[in-house]
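See below for the structure under consideration.
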Amino acid sequence: MTDTTNQQPMSGNKSSFHPALAVSNIRNHIPIILEMENGQYSTWAELFKITARSHKVLSHIIPPATGKEKVLSTEDEKELWSTLDATVLSWIYATISNDLLHTIIEPDATAMEAWNRLRDIFQDNKNSRVVTLEAEFSSTKMENFPNDAMGFTTVGTGLFPILAAPPWMQGWSAPPCPFPTQGWTQPRSTGVQQPQPGVLGPRPQQAFTGTTVGQSASFVPTDIESAMHTMTLNQPDPSWYMDTGATSHMTSSNGNFSHKARLVGNGKTQLVGIDCGETFSSVVKPATIRTVLSLSLSNGWSIHQLDVKNAFLHGDLKETIYMHQPLGYRDRAHPDYVCLLRKSIYGLRQSPRTWSEKFADFVLSIGFIRSKCDTSLFVYRNGSHMAYILVYVDDIILTASSDDLRVSIIKLLSSEFAMKDLGPLSSFLGISVTRHKAGMFLSQKNYAQQIIERAGMSSCKSSPTPVDTKAKVSASVGSVFENPSLYRICLHMHDPRVTHMQALKRIIRYIQGTQDYGLHLYSSSQSSLVSYTDADWGGCPDTRRSTSGYCVFLGDNLISWSSKRQPTLSKSSAEAEYRGVANVVSESCWLRNLLLELHCPVTKATVVYCDNVSAIYLSGNPVQHQRTKHIEMDIHFVREKVARGEVRVLHVPSRYQVADIFTKGLPRVLFEDFRDSLSVRLPPASTEGVC
């Protein structure tokens with residue numbers, strides 16, 4: 001047998017062995033998997049070229065210099081060249097992600113063609129995280145969509161037929177997945193000079209005009225096309241450029257899945273104060289939501305949920321921002337031009353803030369007043385007509401005193417934004433909302449099930465209480481947990497112990513047995529605020545800090561609660577309890593001001609129930625002694641509210657102190673009694689026939 005390991009590549013009648021054919025696993029030479037979002041194209045390309053050069057196949061991806069091209073004169077040389085090219089092509093495919101593979105793969109492609117396609121994807125946008133959507137929609141058939149709605153003409157068949165561009169898109173390459181939509185209505189002429197049209201022409205009017213669930217609604221352009229209407233082409237400028245990309249995810253509504261894709265900018269390189277100003281954007285507080293829901297139930301108002309399509313595309317930019325032309329929308333006449341953003345897009349750090357300001361400006365222009373207690377709450381009042389708007393990014397709750405007022409507000413919002421009326425409130429921020437005859441039921445069953453499934457405890461037995469009645473667990477007690485990456489507990493992330501994991505599993509077992517429980521809100525004629533507060537003095541075995549908890553009721557409805565470790569050490573139980581009183585008085589004052597802005601003022605004093613006599617005595621008497629000098633500010637704050645008649649601090653026996661449930665472990669009977677007092681119960685037996 002002839003040894004061919006040291007022979008040269010085949011030429012004519014020589015052996016057909018080639019060093020590239022001896023590579024069994026290319027990942028041993030190129031230990032990087034190129035992905036669309038990891039930004040490692042330069043490293044991957046350099047490693048690939050080194051490997052190709054060392055195995056004498058560099059000419060399969062990099063064309064040789066002029067005059068040095070190798071002429072394949074024999075059939076054996078042509079066959080070997082084809083084999084080596086297929087080998088290099090397999091190297092490329094084996095070192096890139098599935099998304100990239102589905103993007104660049106083509107029948108009968110050569111290694112150089114695949115190499116050039118990868119280079120175009122990454123280098124054309126200067127190592128950006130370019131994401132094409134071909135892989136996401138590879139199973140989509142274009143005949144499922146009305147091609148003539150946008151002026152596209154189908155030329156060819158298959159999964160991705162060739163589309164002849166409509167007049168407004170002449171000179172532009174078709175997007176990776178050009179989903180046709182229905183016709184666009186042109187903006188009405190107002191006599192004012194129209195702004196410069198975007199890349200895809202003038203921005204279309206919003207198509208969602210207050211449609212409700214079950215009604216047919218025309219579709220607005222796809223998210224990517226809508227973003228292209230917010231930018232114009234400009235010559236390159238020394239200003240910084242932002243990379244472009246796209247995201248794609250699947251959404252589900254009533255069991256029906258649909259794809260959603262949008263154009264995004266890579267704003268991770270933006271520096272606050274240099275590339276953008278303020279980025280903070282407020283969202284509505286949970287206590288505000290429950291307060292508004294409670295008032296709406298008591299007044300018998302309808303509560304609807306609205307959704308804004310492409311919310312971030314409405315924001316006005318104050319900064320000058322350039323962005324590379326997105327893949328699939330490059331101008332063939334000016335491929336080196338960049339896009340000047342006239343509106344915000346997804347991915348910018350300031351986009352949430354610009355959208356919030358845009359929405360607030362419009363709502364204020366139609367008669368609403370922005371709340372000072374919660375800047376995401378807007379209040380409208382005109383005589384006996386009232387309406388509230390709650391905003392959490394692009395999810396909106398609208399409740400009004402009459403249906404006519406609600407409909408008119410939705411029409412006004414739809415004239416400015418792509419607004420859709422989702423009907424009566426059924427789900428908001430992951431909370432399921434069910435109306436029943438007596439009121440409303442709020443549930444987080446789906447979220448509870450997700451927690452249990454993530455923990456791998458779907459078949460575990462339930463526990464009647466979340467914690468036992470023993471002392472709290474120390475950070476250093478028990479053996480170290482063997483696999484700390486399995487769970488991470490916020491209090492003990494640095495050094496989880498077996499006892500911590502046992503406590504965590506007990507909480508999950510409690511959730512397993514209470515998945516169906518939720519918070520009940522009822523229609524109530526009472527408008528008084530009643531609070532309960534308690535503190536577990538020195539309960540933390542490591543820091544000896546106390547845990548304070550409180551709950552606040554508006555009539556019969558629980559609207560606010562808290563369980564939090566106190567920031568400072570208390571020298572006595574009276575001090576710990578009094579700090580808890582100060583916390584709940586602060587919350588009660590905020591709620592009183594909120595209700596005042598909602599035009600439902602509280603006329604009676606807020607009652608605060610505490611089970612510590614010393615704390616009650618301190619709240620009403622100007623006593624100064626050695627134990628209270630260092631908490632003077634808290635004492636004066638609570639005493640002032642008590643003296644003005646806004647707060648009354650009363651005693652309640654520990655047996656009826658429902659705030660104990662927020663500070664310590666309780667026996668089962670007492671725990672279930674307090675839980676029921678908080679209106680956390682099973683859902684109503686039947687909700688049939690209630691709208």
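Note that the structure is predicted; figures quoted are calculated from it, not measured. What you see below is based on every heavy atom in this structure, not just the backbone, and it leaves out hydrogens, waters and symmetry mates.
Salt bridge R406/D403: present, at least one basic N to carboxylate O contact under 4.0 Å.
Taking a 6.0 Å sphere around CD1 of I369, one finds it holds 12 or fewer heavy atoms contributed by other residues, nucleotides or ligands. A 6.0 Å sphere centred on OH of Y380 holds more than 12 heavy atoms belonging to other residues, nucleotides or ligands.
No donor-acceptor pair under 3.5 Å is formed between the side chain of Q305 and the backbone N or O of F428. Within the 3.5 Å criterion, the main-chain N or O of E35 finds no donor-acceptor partner in the side chain of Q40. S401 contributes no side-chain N or O that, together with a main-chain N or O of H385, makes up a donor-acceptor pair within less than 3.5 Å. Side-chain atoms of S371 never come within 3.5 Å of backbone atoms of F378 as a donor-acceptor pair (strictly under, hydrogens ignored). Using modelled atom types, no side-chain atom of D394 and backbone atom of A311 make a donor-acceptor pair closer than 3.5 Å. Not one N or O on the side chain of S443 forms a donor-acceptor pair closer than 3.5 Å with the backbone of S432. Side chain of S298 to main chain of S524: a donor-acceptor pair is present (N/O by atom type, distance under 3.5 Å, no hydrogens or angles). The main-chain N or O of I345 is found under 3.5 Å from a side-chain atom of S351 such that the two form a donor-acceptor pair.
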*Full working for side chain to side chain contact (heavy atoms under 4.5 Å, CB included) between L422 and H304*: CA-CA 7 Å; L422 301 180; H304 277 233; over 6 Å; no
_Evaluate S376 against Y392 for side chain to side chain contact (heavy atoms under 4.5 Å, CB included), listing each step before the verdict._
CA-CA 7 Å; S376 295; Y392 194 101; over 6 Å; no
*asked:* Walk me through whether V284 and V292 qualify under side chain to side chain contact (heavy atoms under 4.5 Å, CB included).
replied: CA-CA 11 Å; V284 65; V292 170; over 6 Å; no
_Does I96 form a side chain to side chain contact (heavy atoms under 4.5 Å, CB included) with I104? I'd like the steps, not just the answer._
CA-CA 10 Å; I96 62 177; I104 70 170; 3.6 Å; yes
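Note that the CD1 atom of I409 and the CG atom of L413 stand 7.5 Å from one another [nearest 0.5 Å]. The CD atom of Q449 sits 5.0 Å away from atom CD of Q515, with the distance rounded to the nearest 0.5 Å. Between the CG atom of L594 and the CD1 atom of I559 there is a distance of 8.0 Å, given to the nearest 0.5 Å. Put simply, CG on L293 and CD1 on I303 are 5.0 Å apart, with the number rounded to the nearest 0.5 Å. Considering CG of N310 and OH of Y346, their distance stands at 5.5 Å, rounded to 0.5 Å. Here K343 contributes atom NZ and D316 contributes atom CG; the two are 3.5 Å apart, rounded to the nearest 0.5 Å.
The side-chain heavy atoms of L591 and S560, taken from C-beta on, include a pair separated by under 4.5 Å. You'll find the side chain of L317 reaches within 4.5 Å of the side chain of L348, heavy atoms only. Looking at heavy atoms from C-beta onward, Y522 lies in side-chain contact with S679 at the 4.5 angstrom threshold. Taking 4.5 Å as the limit, every side-chain heavy atom of T291 sits out of range of all side-chain heavy atoms of S294. The closest side-chain heavy-atom distance from I389 to L398 is below 4.5 Å. In this structure the side chain of N299 never reaches within 4.5 angstrom of the side chain of M386, judged on heavy atoms. In this structure, L598 and L377 have side chains that are in contact, with non-hydrogen atoms separated by less than 4.5 Å. In this structure the side chain of L390 never reaches within 4.5 angstrom of the side chain of I396, judged on heavy atoms.
Ring geometry for F362 versus F417: interplanar angle over 60°, hence perpendicular rather than tilted (30 to 60°). Between W301 and Y388, the ring planes lie tilted relative to each other; the angle falls in the 30° to 60° range. The aromatic rings of H314 and W355 sit tilted, their planes meeting at an angle between 30° and 60°.
Nearest heavy atoms, L364 versus R370: CD2-N, 3.6 Å. The heavy-atom pair separating L340 from Y322 by the smallest distance is CD1-CE2, 4.0 Å. Shown here for S415 and L412, the closest heavy-atom pair between the two residues is OG-O, 2.5 Å. Here the closest heavy-atom approach between residue K358 and residue E416 is recorded as CE-OE2, 3.8 Å. Residue I321 comes nearest to Q350 through the heavy atom pair CD1-NE2, 3.4 Å, listed as atom of the first residue, atom of the second, then distance. In terms of heavy-atom proximity, V283 sits nearest to D374 at O-OD1, 4.1 Å.
Relative to the six-membered ring of W561, R290 meets both conditions, a distance below 6.0 Å and an angle of at most 45° to the axis.
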